[in-house]
Amino acid sequence: MRLLILLAVLLPIFADDSSSEFPGEDYVWQHHDQKELKQVLDDTATECPDITHVYSPGKSFRGKDLWTIIISDKPEEHELGEPEFKYVGNMHGNEVVGREMLLVLIPYLCKEWKKGNEAIMWLIENTRIHIMPTMNPDGYEIARKQFDEQGSNEWITGRANYNDVDINRDFPDLDKLIFNFSRVHGQNNHIHMALSQIGHKLQAETVIIMKWLMEYSFVLSANLHGGDLVANYPYDSSTDGKTHYQKSPDDAIFRELAKSYSEFHGEMADPDRQSCDNSDQDVFEDGITNGADWYPVPGGMQDYNYLATNCYEITLELGCVKFPQASELKGYWTDNKFSLLNYMSMVHVGLTGIVTDDSGNGIGDAVIKVTSIDDGVETYIDHDVTTAEGGDYWRLLAPGEYRVTVSAKDFLPTEQICEVLEGSSATQCNFQLGTQDDNDIRNWVKEFLMDDDF
């Protein structure tokens, strides 16, 4: 597990015994309604005002805010070269473990920052972390009502939003475009559908996330679910709609990202644990699965992140029980705490850098193409990323040697060899592009025509 040692090198969290004390014996484990959720964010912002910013990217169908908190040393600005990370919980309203884990993680980060925990301080100083505990507050309210009245929640009650739409089937089905048309149109990233192609009216919550993804240059994300125990990675859909392994171009790094969560979890990667359906079938190997190999999900948020933006997202199923009793939440925190921290640190693997012009000005929307080099054999990874507005970029990659080619409109392309090292934070690989004017083109054509091989 080459990338799994990153946290041990980068963030020596396990050496700090104080981290195990939180939230303490006096903490009351409970399910938080919308008002109580907001209070956790506000209390954290009050306690740690210098590293937090609370905001809402929009409201649900019934007008409830999708409250989000940023935790970073400069929370209200994007620092050049600093990656943006996000956790999204409670997409399915009755899958509440992720919601509650995030509501513990938020004050945990604040308190460990104040205590001077070097691991947490490094993470906060070098990452802009966005945490959205619930994406579906309307569905949660439906599920919570049944839970309070009956003491339990049925398998699907509150799963969908208020309009009874499964939000994780509501996003534009970009898999369909990449599978069927990518080689015709040549686009392998930042794909978008016309409204006429989507085929249905998007839900309010879906639109909020789509706009949110356009506003921030997210690099890595996890979507927290429940109902099983596994880390799920793209592709989530298949070319023929049937259940089978559907590799993405970034299959190698996605597998490592999924393992970076499952291997640090208390049970997820345990081959001897009981499966959630209590059958004799083996549990997921290493605690991970390719989404389409489990069951296809067209219109899911995970693949939308990957194909419409620079953000790599996996889906985390955090337990067999979707809406457990509050008394069980402490055990979930014990199982997930180190996984949540380790996964955040993975935003710092691969390559990073800044693309500038001759004057040192950042170039936004430059295209980063990556080709792996293995024993002299070069293989193009058919998924490009682009630079942010200031020219900074992040390319999540497994350890190895890569040929990186950068191009931008009105500039001459350039390339260099960059190496991603094992157990290390992202390799800095900067590029400077020259201006492509008429003289450059004429000189290039002249040299080309004079070439003896022409």
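Side chains of E82 and S72: a donor-acceptor N/O pair is present below 3.5 angstrom, by distance only. D138 and N161 form no side-chain donor-acceptor contact under 3.5 Å, judged by distance and modelled atom types alone. Using a 3.5 Å distance cut-off with no hydrogens or angles, the side chains of Q203 and N163 do pair a donor with an acceptor.
Put simply, the side chain of E79 never gets that close to the backbone of N126: no donor and acceptor are under 3.5 Å apart. For the pair D166 (side chain) and N168 (backbone), a donor-acceptor distance under 3.5 Å is present. Judged by distance alone, with hydrogens and angles left aside, the side-chain atoms of D170 form no donor-acceptor pair with the main-chain N or O of T206 at under 3.5 Å. Under a 3.5 Å cut-off, the side chain of Y402 and the backbone N or O of L397 do not form any donor-acceptor pair. Side chain of D374 to main chain of V377: no donor-acceptor pair is present (N/O by atom type, distance under 3.5 Å, no hydrogens or angles). Side-chain atoms of T387 come within 3.5 Å of backbone atoms of I363 as a donor-acceptor pair (strictly under, hydrogens ignored).
For Y216, the OH atom sits in a packed shell: over 12 heavy atoms of surrounding residues, nucleotides or ligands are nearer than 6.0 Å.
In this structure, L103 CG and H32 NE2 are separated by 5.5 Å, a value rounded to the nearest 0.5 Å. The CZ atom of R395 lies 8.5 Å from the CG atom of L351; values are rounded to the nearest 0.5 Å. Rounding to the nearest 0.5 angstrom, the gap separating the CE atom in M268 from the CG atom in L318 is 5.5 Å. Rounding to the nearest 0.5 Å places CD1 of I314 at 7.5 Å from CD of Q302. To the nearest 0.5 angstrom, D175 atom CG is 10.0 Å from S248 atom OG.
When the options D251, T289, N290 are evaluated for a side chain to side chain donor-acceptor pair (under 3.5 Å) with Y245, the one that passes is D251. The ring-ring contact (aromatic ring centres under 6.0 Å, His included) test with F218 is passed by exactly one of W394, W212, Y87: W212.
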Problem - Residues H265, F338; criterion ring-ring contact (aromatic ring centres under 6.0 Å, His included); working and verdict - result: CA-CA 7 Å; H265 188 276; F338 293 134; over 10 Å; no

Practice task
Quick one: do R273 and D270 satisfy salt bridge (Lys or Arg N to Asp or Glu O under 4.0 Å)? Show the steps, please.
Solution key: CA-CA 6 Å; R273 73 170 181 84; D270 182 359; over 6 Å; no

Practice task
Could you give me the CA-CA distance, side-chain angles and deciding distance for D277 and S275, then say whether side chain to side chain donor-acceptor pair (under 3.5 Å) is met?
Solution key: CA-CA 6 Å; D277 60 4; S275 64; 2.8 Å; yes

Handout entry: Test side chain to side chain donor-acceptor pair (under 3.5 Å) applied to D148 and Q146, step by step
Key = CA-CA 6 Å; D148 289 343; Q146 183 185 67; over 6 Å; no

Handout entry: Criterion ring-ring contact (aromatic ring centres under 6.0 Å, His included) on F179 and Y235, from CA distance to verdict
Key = CA-CA 11 Å; F179 294 155; Y235 282 126; 5.2 Å; yes

Problem - Step-by-step side chain to side chain contact (heavy atoms under 4.5 Å, CB included) determination, L307 to N188 - result: CA-CA 7 Å; L307 296 175; N188 66 11; over 6 Å; no

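Considering only heavy atoms from C-beta on, E267 comes within 4.5 Å of L229 through its side chain. At a threshold of 4.5 Å between non-hydrogen side-chain atoms, the residues E415 and V406 do not count as touching. Residues N336 and Y261 have side chains in contact (heavy-atom distance under 4.5 Å, counting atoms from C-beta outward). At least one side-chain heavy atom of H31 sits less than 4.5 Å from a side-chain heavy atom of Y140. D240 has its side chain within reach of H244: a pair of non-hydrogen atoms, C-beta onward, lies under 4.5 Å apart. Using a 4.5 Å heavy-atom threshold, the side chains of E100 and Y332 count as separate.
Using a cutoff of 4.0 Å between basic side-chain nitrogens and carboxylate oxygens, K145 and E149 are scored as salt-bridged. Checked for salt-bridge contact, D33 and R144 miss the test: no charged N lies under 4.0 Å from a carboxylate O. Salt bridge R403/E378: present, at least one basic N to carboxylate O contact under 4.0 Å. A salt bridge links D384 to K369: one of the charged nitrogens lies within less than 4.0 Å of a carboxylate oxygen. Salt bridge E313/K86: present, at least one basic N to carboxylate O contact under 4.0 Å. Note on D293 versus K242: no salt bridge recorded, every NZ/NE/NH1/NH2 to OD/OE distance being 4.0 Å or above.
Ring geometry for F171 versus Y304: interplanar angle of 30 to 60°, hence tilted. Note on ring orientation: taking the six-membered ring where Trp is involved, the planes of Y162 and F61 are parallel (angle under 30°, cut-offs 30° and 60°).
Here the closest non-hydrogen pair linking S221 and C311 is CB-SG, 3.5 Å. Shortest non-hydrogen contact noted between S262 and A269 is O-CB, 3.5 Å.
The side chain to side chain contact (heavy atoms under 4.5 Å, CB included) check on V54 picks up K38, L41, D42, A45, W67, I69, with sequence neighbours excluded. The side chain to side chain contact (heavy atoms under 4.5 Å, CB included) check on H190 picks up Q187, N310, T386, with sequence neighbours excluded.
In this structure, the ring of Y306 has its center less than 6.0 angstrom from the ring center of H383.
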